[in-house]
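So that the names make sense, note that chain A is the first sequence line, chain B the second, and so on, each numbered from 1.
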Number of protein chains: 2
Amino acid sequence: MKKGHQVTMKEIAKKLGVSVSTISRALKDSPELHPDTKKRIVEMAKEMNYQPNLLAQSLRISRTNTLGVIVPEITSHFFASCISGIQDYANKRGYNVMICQSNETLELEKANIRTLVSSQVDGLLISLSRETNKYDHLLDLYNREIPFLLFDRVNEDIPVSRVTFNDEGGAYQVTKHLLETGCKRVMYVSGPEDLYISKKRKEGYLHALAEFGITPDPELVKISDLTSEGNMKIANEIAFMKQRPDGVFCMIDPIALDLMFVWKPMGIKIPDDMALAGFTNNPASAVIEPPLTTVAQPGYEMGKLAVTHLLDQLEGQASDDPISIVLETTLLPRQSTKAL
Amino acid sequence: MKKGHQVTMKEIAKKLGVSVSTISRALKDSPELHPDTKKRIVEMAKEMNYQPNLLAQSLRISRTNTLGVIVPEITSHFFASCISGIQDYANKRGYNVMICQSNETLELEKANIRTLVSSQVDGLLISLSRETNKYDHLLDLYNREIPFLLFDRVNEDIPVSRVTFNDEGGAYQVTKHLLETGCKRVMYVSGPEDLYISKKRKEGYLHALAEFGITPDPELVKISDLTSEGNMKIANEIAFMKQRPDGVFCMIDPIALDLMFVWKPMGIKIPDDMALAGFTNNPASAVIEPPLTTVAQPGYEMGKLAVTHLLDQLEGQASDDPISIVLETTLLPRQSTKAL
DNA sequence: CTGTTAGCGCTTTCAA
DNA sequence: TTGAAAGCGCTAACAG
């Protein structure tokens with residue numbers, strides 16, 4: 001299948017017996033042009049259904065008005081929300097967006113960056129893959145002076161702006177909530193230890209324990225690989241502990257959902273036998289039985305702030321110096337934890 | 001913030017004292033080139049961290065190797081899955097993807113098409129907005145011979161390929177399941193009547209009724225505007241009907257979830273008082289209490305098939321004649337309907 | 001095997 | 001107020 005022909009300025013020019021530059025000027029509403037010719041041209045352009053070739057234009061002005069976005073996976077509701085916010089606010093300012101997923105691999109993350117850079121995007125918004133533990137590709141971007149920022153899954157050693165949630169604060173709130181509602185032995189089920197959010201949420205967890213004068217018990221921290229199998233293995237380990245926790249804070253909702261899935265048929269009652277809380281507020285967490293106490297992260301808002309800051313930098317409305325934007329989270333107490 | 005300089009072929013050429021065309025040839029591994037020069041060039045390109053300018057290349061060869069995708073909303077798990085399938089299989093064949101959302105409006109759908117066409121995408125994959133009831137913009141694409149196809153939310157009057165689910169079959173299966181498990185009065189809660197899927201799923205519903213010798217009762221068809229408020233209004237109407245249905249088939253899962261939400265505090269037991277089934281298999285449907293019987297639609301698979309067919313057409317491996325690809329759905333009986 | 005040349009569609013000086 | 005010409009970075013005849 002071959003693509004049909006697209007009308008060009010040259011063709012309009014020939015039809016009207018004027019030069020291409022005149023067409024160009026008319027179409028961008030240049031003031032130094034006779035109103036009549038301008039009118040004739042604009043009408044003819046509409047009649048011929050002219051649509052500018054953005055490729056040519058971008059090549060000429062060396063700006064594409066396009067931003068690149070890289071997320072670990074698009075099917076996650078949280079990242080989909082971020083993308084939605086990014087797109088809406090990019091469009092509002094006349095920018096398009098190219099989205100790529102890394103599928104949580106470093107290799108694809110690098111490949112995506114290459115593609116987007118080759119496509120001459122004006123800037124990049126990146127959320128790192130779970131696997132990313134080397135940062136050469138980002139430092140390379142930095143050295144080549146390609147504007148970018150990191151959001152949600154960030155690294156603190158790259159000197160660029162980043163947008164994150166107050167993970168520590170959220171984790172502190174939810175742990176405190178568990179303690180306030182009567183839990184004495186609160187467990188933290190974490191993701192892989194080198195993940196930024198694993199660390200931050202653990203800090204919040206420890207902070208709350210400290211505030212309640214509780215000495216952290218290494219028995220009460222579990223590490224999941226974040227697969228369903230891994231989560232379910234941990235569910236069993238907890239169920240068969242000689243001394244079970246009476247409250248469990250999971251780093252992300254899906255862990256909590258998997259725990260519930262294993263515990264329900266075993267007759268473990270939530271929140272009476274164990275209280276349970278998550279983080280992220282997945283759509284499923286609201287409808288599960290009992291509804292899961294969790295921490296809401298406004299993804300759309302994060303996308304909006306991230307893209308707005310990057311565009312402000314690109315357009316000189318914000319300083320090039322890296323800043324850190326921190327969004328607050330909201331505790332959503334539901335029935336999987338006891339009432340105050 | 002200004003973007004740093006990108007290395008061009010010209011610069012490599014100057015450094016090596018050869019012509020630009022030689023660089024071009026070396027970098028695309030042309031056979032008619034001395035191995036030594038080729039090697040020198042490739043090495044130098046790597047050393048200088050050269051990355052091709054896709055814009056210039058695309059302008060020259062008048063092909064971008066980029067596809068445009070338009071979906072109603074990216075935060076829907078189903079469409080996110082489609083996008084994921086499209087991206088994976090487009091990338092496999094060396095294509096990039098630009099994604100846009102119409103936010104369910106005709107206006108944005110048109111704007112997205114304009115942008116993508118201006119960006120010179122090689123083809124488009126479109127899923128129509130809920131609002132789209134005029135098709136000039138699509139016919140225009142067709143007349144301008146810009147390759148595109150429709151998926152999931154399609155219209156049958158546009159002479160292009162389309163990829164859909166066997167909606168009728170899925171609806172037939174689920175209605176039959178309700179009837180087989182003992183329901184006598186099965187209701188269909190539809191979306192707006194001009195939606196393709198509203199019609200198709202109603203046909204399946206009616207087909208199953210007919211097979212069981214049941215005369216359709218107009219009382220037993222409700223139309224929702226698909227907002228949560230609309231769904232909840234219908235939930236109340238049903239609850240207060242003089243003669244309630246004993247089984248309800250909802251056009252999409254979210255309707256069923258809203259019905260449950262309203263009914264649960266009213267003490268209506270599912271499936272004993274009323275059996276309930278949906279369509280789409282949203283993630284939440286599996287974890288709600290009771291788990292919702294529904295029809296699974298493999299979105300990833302749909303994306304994969306759609307993009308593969310379009311690329312086959314683009315590259316001449318498939319005929320340009322429009323075809324209709326129909327994917328089968330799978331009934332997932334769960335506890336919201338009675339067991340067989 | 002390699003260089004010269006033209007041109008993709010557009011914008012933008014510089015002249016007229 | 002308009003046109004001519006150069007050039008963005010790249011590819012592809014056509015020469016040599």
Side-chain angles (χ1 to χ4, degrees), chain A residues 2-42 44-45 48-66 115 117-122 144, chain B residues 2-42 44-45 48-66 115 117-122 144:
Chain A
K2 55 183 186 309
K3 213 164 44 169
H5 176 72
Q6 301 260 75
V7 177
T8 68
M9 288 189 175
K10 203 168 159 186
E11 291 168 33
I12 308 181
K14 186 151 59 164
K15 204 131 188 174
L16 253 37
V18 296
S19 77
V20 196
S21 23
T22 305
I23 307 291
S24 175
R25 280 188 271 253
L27 261 25
K28 62 175 32 180
D29 207 28
S30 158
E32 42 168 26
L33 201 59
H34 194 93
D36 288 354
T37 35
K38 190 187 288 185
K39 189 154 163 275
R40 278 200 313 149
I41 291 172
V42 170
M44 178 58 86
M48 296 175 74
N49 201 359
Y50 170 78
Q51 301 208 193
N53 184 326
L54 255 39
L55 243 48
Q57 184 174 318
S58 298
L59 180 61
R60 179 59 236 244
I61 66 177
S62 48
R63 211 160 35 80
T64 52
N65 278 272
T66 300
T115 309
V117 168
S118 274
S119 300
Q120 312 295 119
V121 293
D122 295 337
R144 293 163 66 190
Chain B
K2 56 182 186 310
K3 213 165 41 167
H5 176 71
Q6 301 260 77
V7 178
T8 66
M9 286 189 176
K10 204 168 158 186
E11 291 167 33
I12 307 181
K14 185 151 61 164
K15 205 132 187 174
L16 254 36
V18 296
S19 78
V20 194
S21 29
T22 305
I23 307 291
S24 176
R25 281 188 271 253
L27 261 26
K28 62 176 31 180
D29 208 27
S30 157
E32 41 168 27
L33 201 60
H34 193 92
D36 287 355
T37 35
K38 190 186 289 184
K39 190 154 162 275
R40 278 200 315 151
I41 292 171
V42 170
M44 178 58 85
M48 296 174 74
N49 201 359
Y50 169 78
Q51 300 207 196
N53 184 326
L54 257 39
L55 243 48
Q57 184 175 319
S58 297
L59 181 61
R60 181 59 237 246
I61 66 176
S62 50
R63 212 160 35 80
T64 53
N65 278 272
T66 300
T115 308
V117 168
S118 273
S119 300
Q120 313 294 118
V121 293
D122 295 337
R144 293 163 66 191

### Query
Whole-Å distance between D:dA4 P and A:K10 NZ?
13 Å
### Message
Can you say whether a donor on the side chain of B:S21 sits under 3.5 Å from an acceptor on the base of C:dT4, or the other way round?
### Response
yes
### Task
Round to the nearest Å and state the distance from A:Q51 atom CD to C:dC10 atom C1'.
16 Å
### Task
Return the value, rounded to whole Å, for the distance between atom CD1 of B:I23 and atom P of D:dG9.
15 Å
### Message
Just the rounded figure in Å: distance from P of D:dT1 to CD1 of A:I41.
### Response
13 Å
### Query
Can you find a side chain N or O atom of A:T22 that sits less than 4.0 Å from OP1 or OP2 on D:dG3?
yes
### Query
Listed in order of residue number, which residues of residues 25-36 of chain B have a non-hydrogen atom at under 4.0 Å from DNA chain C?
B:R25, B:E32, B:L33, B:H34
### Query
Rounded to the nearest Å, what distance is computed from the CG atom of residue B:L16 to the P atom of nucleotide C:dT2?
11 Å
### Query
Would you say a side-chain N or O of B:Y50 is under 4.0 Å from OP1 or OP2 of D:dG9?
no
### Message
Mind checking if A:T37 touches a base, just sugar-phosphate, or nothing, with heavy atoms under 4.0 Å?
### Response
sugar-phosphate
### Query
Given atom CD of A:E11 and atom P of C:dC8, what is their separation to the nearest angstrom?
11 Å
### Query
D:dA13 P sits how many Å from B:I61 CD1, rounded?
13 Å
### Task
Could you tell me whether the side chains of A:T22 and A:S19 share a donor-acceptor contact shorter than 3.5 Å?
yes
### Query
Would B:L27 and B:Y50 count as a side chain to side chain contact (heavy atoms under 4.5 Å, CB included) if you check the C-alpha gap in whole Å, the side-chain angles of each, and the deciding distance to 0.1 Å?
CA-CA 10 Å; B:L27 261 26; B:Y50 169 78; 3.5 Å; yes
### Query
What's the CG-C1' distance between A:L59 and D:dC10, to the nearest Å?
8 Å
### Message
Side chain of A:S19, heavy atoms from C-beta onward: which of C:dC8, D:dA4, C:dG9 has the nearest atom to it?
### Response
D:dA4
